[in-house]
Amino acid sequence: MSIEKQEQWLESPLGQYLQEQEQALFDQVVHDIFGFNAMQFGMLKMPLLRHCRIPYQFNADGGGGAIRCAPHQLPFQADSLDLLLLPHTLDFSEHPHQTLREAARVLVPEGHIAITGFNPVSTWGARRLASDHEIYPWDANFLSLMRIKDWLTLLDFEVIEVRMACHMPPFRNSSGQGKLRMIERLGARFWPLMGGVYFVLAKKRVIGMRLIKPAWNKSKLKAGLLPTPTQRTDIQNKHE
């Protein structure tokens, strides 16, 4: 998946619709999450951290961003990120389960992860079955929400919130979309689990870890951050 194809699709009426829906979801969530370091992996055209109050923010992708890397091989130390956004990252990862393992490794205890993915049990999933799987975004993995939640549970995440978006069928032209806004409202009300996109917010839980409130010193935040995020001093292990 090339960034050029992704950005070209995001400029289409359907892509802009998806951006509008997902931006609202991320804006509502990131505002209330705190810490030192926040990263967005993928969908670089979308400023998903724009309302985040975490002081040091950066993005990454396999083909662009502040850091270029594979999502299943993040060049960060363990317990170094407070917030990690994965907008459709699992959809286009060759190793989605390992990508989540990496997320669990780099997140601090009580750190948050926010994920969006295409829902196979929706009109978007039906459109994928009828489309050329070589064309973006129908070449995505379309992992089920149940599978994502199972993987998160196995990795000791607690699912905090699940939402659905993009209930409108994935038509190409803007005129078709305008006529179907009613379906968007009806779908959100009567078929809430059949949105084209799911949003999951989860928190990393580590048994036996005790958090100590940090001393906020912004002058130390950026030191040595790339490629290794700010070193944590606010977590005390039970074995200390």
Side-chain angles (χ1 to χ4, degrees), residues 1 6-7 9-33 38 40-52 59 83-93 96 99-100 103 112-129 131 136-152 157 159-203:
M1 187 273 295
Q6 180 188 92
E7 292 185 347
W9 182 80
L10 288 174
E11 288 295 330
S12 70
L14 186 58
Q16 292 177 10
Y17 165 64
L18 178 136
Q19 289 189 72
E20 174 188 332
Q21 294 274 304
E22 294 196 17
Q23 187 72 60
L25 290 172
F26 281 101
D27 284 349
Q28 292 173 19
V29 167
V30 301
H31 184 266
D32 296 323
I33 296 176
Q40 172 183 335
F41 194 104
M43 290 288 186
L44 303 184
K45 186 177 178 62
M46 301 172 64
L48 301 179
L49 288 166
R50 66 183 183 182
H51 291 322
C52 181
N59 55 31
L83 173 62
L84 176 58
L85 308 186
L86 298 180
H88 297 281
T89 308
L90 302 180
D91 279 333
F92 296 99
S93 172
T99 296
L100 273 186
H112 289 80
I113 184 172
I115 301 168
T116 53
F118 290 115
N119 180 18
V121 188
S122 67
T123 56
W124 291 61
R127 167 70 185 277
R128 174 178 182 261
L129 294 176
S131 300
Y136 186 93
W138 315 116
D139 56 343
N141 293 324
F142 275 72
L143 302 167
S144 71
L145 174 59
M146 184 63 68
R147 177 178 295 187
I148 299 302
K149 293 171 70 174
D150 286 346
W151 285 353
L152 289 169
F157 281 94
V159 175
I160 304 298
E161 186 174 2
V162 174
R163 300 186 191 180
M164 287 288 184
C166 299
H167 289 86
M168 191 174 67
F171 290 93
R172 289 176 180 269
N173 57 71
S174 57
S175 60
Q177 292 180 22
K179 296 177 182 178
L180 292 170
R181 291 292 177 180
M182 179 66 71
I183 295 179
E184 176 74 55
R185 295 191 294 271
L186 292 175
R189 180 176 179 181
F190 296 107
W191 306 286
L193 296 181
M194 294 186 66
V197 170
Y198 53 77
F199 174 90
V200 181
L201 177 67
K203 179 182 290 189

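Computed from heavy atoms alone, side chains included, the values below leave out hydrogens, waters and symmetry copies. Since we're looking at a predicted model, the values are computed, not measured.
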TODO: Taking Q23 for its side chain and P47 for its backbone only, find out whether a donor-acceptor pair lies under 3.5 Å.
DONE: yes
Task: Under 3.5 Å donor-acceptor, N141 side chain and L90 backbone - done: yes
Task: F142 versus P120, closest heavy-atom pair with distance - done: O-CG, 3.5 Å
Open item on the list: What I'd like to find out is whether the side chain of V30 reaches to under 4.5 Å of the side chain of L48, using heavy atoms alone.
Closed with: no
Open item on the list: Using side-chain heavy atoms (C-beta onward) and a distance below 4.5 Å, is P137 in contact with F92?
Closed with: yes
TODO: For N119 and G196, indicate whether the former's side chain and the latter's backbone hold a donor-acceptor pair under 3.5 Å.
DONE: no
TODO: Would you mind reporting whether P170 and T123 have side-chain heavy atoms less than 4.5 Å apart?
DONE: yes
TODO: Please lay out, stage by stage, how Q6 and H88 fare under the test side chain to side chain donor-acceptor pair (under 3.5 Å).
DONE: CA-CA 11 Å; Q6 180 188 92; H88 297 281; over 6 Å; no
Task: Side-chain heavy-atom pair Q21, V197 within 4.5 angstrom cut-off - done: no
- [ ] Apply side-chain contact (heavy atoms from CB on, under 4.5 Å) to the pair I113 and L100, showing each step before the final yes or no.
- [x] CA-CA 10 Å; I113 184 172; L100 273 186; 3.9 Å; yes
TODO: May I ask you to decide if G42's main-chain N or O and Q40's side chain share a donor-acceptor pair within less than 3.5 Å?
DONE: yes
Task: Which atom of L83 lies closest to which atom of C52, heavy atoms considered - done: CD2-SG, 3.9 Å
Task: Heavy-atom pair of closest approach, residues Y17 and H167 - done: OH-N, 3.4 Å
TODO: Calculate, to the nearest 0.5 Å, the distance between atoms CE and CD belonging to M46 and E20 respectively.
DONE: 10.5 Å
Task: Test log, rule side-chain contact (heavy atoms from CB on, under 4.5 Å), inputs E161 and Q28 - done: CA-CA 12 Å; E161 186 174 2; Q28 292 173 19; 6.0 Å; no
Task: Student check: side-chain heavy atoms of L143 and Y198 closer than 4.5 Å - done: yes
Open item on the list: So F118 and L18, do their side chains get closer than 4.5 Å, heavy atoms only?
Closed with: yes
Task: Residue pair P87 / F26: nearest heavy atoms and the distance that separates them - done: CB-CZ, 4.2 Å
Task: Test item: H112 and V29 side chains (from C-beta on) under 4.5 Å apart, heavy atoms - done: no
Task: Student check: side-chain heavy atoms of M43 and L10 closer than 4.5 Å - done: yes
Open item on the list: Could you measure the distance from the CG atom of L201 to the CD1 atom of I160? Nearest 0.5 Å is fine.
Closed with: 6.0 Å
Open item on the list: For the backbone of M168 and the side chain of W124, can you confirm whether one donor and one acceptor N or O come within less than 3.5 Å of each other?
Closed with: yes
- [ ] Starting at CG of D91, measure out to OG1 of T116 and round the result to the nearest 0.5 Å.
- [x] 7.5 Å
Open item on the list: Using the ring-ring contact (aromatic ring centres under 6.0 Å, His included) criterion, which residues pair with F41? Sequence neighbours excluded.
Closed with: none
- [ ] Return yes if some donor-acceptor pair links the side-chain N/O of S131 with the main-chain N/O of R127 below 3.5 Å, else return no.
- [x] yes
